[in-house]
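A short write-up of the structure that comes next.
Any value given below was found using the heavy atoms of this structure, including those in side chains, with hydrogens, waters and symmetry copies removed. Counting starts at 1 for both ligands and their atoms, in listed order. We count residues from 1, following the sequence as given. Computed from a predicted model, the values in this text were never measured in an experiment.
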Amino acid sequence: MAGPIEFSGIGLHTGEQSSLRVLPAPAGKGIVFRRVDLDNFELRADVASVARVAYATTLMSRGVWISTVEHLLSALYGTGIDNAYIELDNFEVPILDGSAFPYTEAIARAGIVRQRALRQYIRITKPFVLKEGDKTLGIYPSDTFTIKYDIDFPHPLIGKQSLEVQLRGANYAQHIAPARTFGFYHEVEKLQAGGLIRGGSLENAIVLTEKGMLNDISLRFPDEFVRHKTLDLLGDFALIGQPVLGSLVANRAGHALHTRFVAELLESTSHWALDTAAEASVSSAR
Ligand SMILES: [Zn+2]
């Protein structure tokens, strides 16, 4: 892209204003946050930095934290960007419209540059599955990277939804990125009392009531909910730090299971192998 891509807005949980810029980074650097308000303190987007995963994913290193990273990391991973610096001037990534669409739109406008390095993949060689109560997350050998997600919420607008998508070309930008965050109106007070969703509004979330939703605009997809769950999963899965060849299958998972899954998969070295494909690695800018 001709220059960095820039965004600003309020954080979903803190309600604080912040600005961020995504800049190109050299091959092999990975995705690195920089707190420009703290002398460019650097924090790598990897699973070792995960601090808290209640209603959003927070990274922390030496007492410095960055919260609600999952939609931005999802957009970068979903569009195949391996290396980028993310400059942020506060501790929470802005929520924007509650989806990853503003990111994928800006990335498409800016363009992606192929770098002169071989792209290293994690190739899944043996199934790896984690269960937590009625939640399941697994990954299986495959020559491509695909995600299948199933949810079942007892709500008239949701019910059973299932999505399967192969992460290639514009599939992420078209089918996953536009899906917005959702929450339940009856949980708003409890969450706010816990210091959460202070920046939440109908501008950045679908708010579900007992029988419908508060928003007076229509859903972006009839199954927007399972698409957003897929968006969130991919944002947490991005903490694996490398592209993956495997088929990811989720059933009612959540941030805590996602990040535990990535950490345990990385440690389970008999389930995967590094594979260097004769394809260039990619960055966010030229
Ligand atoms: Zn989300």
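Per residue H71, closest N, O or S atom to the Zn ion (ligand 1): atom name NE2. Residue D232 approaches the Zn ion (ligand 1) most closely through its N/O/S atom OD1.
Residue V188 is grouped with residue L196 when hydrophobic side chains (ILVMFWY) are merged at heavy-atom distances under 4.5 angstrom, including chains of intermediate members.
Contact check on R198 versus E16 returns no salt bridge, with no Lys/Arg side-chain nitrogen under 4.0 Å from an Asp/Glu carboxylate oxygen. A salt bridge between R220 and D97 is present, with a side-chain N of the basic residue lying under 4.0 Å from a carboxylate O of the acidic one.
Between the side chains of S74 and Y172, a donor-acceptor pair is found at a separation under 3.5 Å.
Because the distance cut-off is set at 2.8 Å, E70 fails to qualify as a neighbour of the Zn ion (ligand 1), as none of its N, O or S atoms comes that close.
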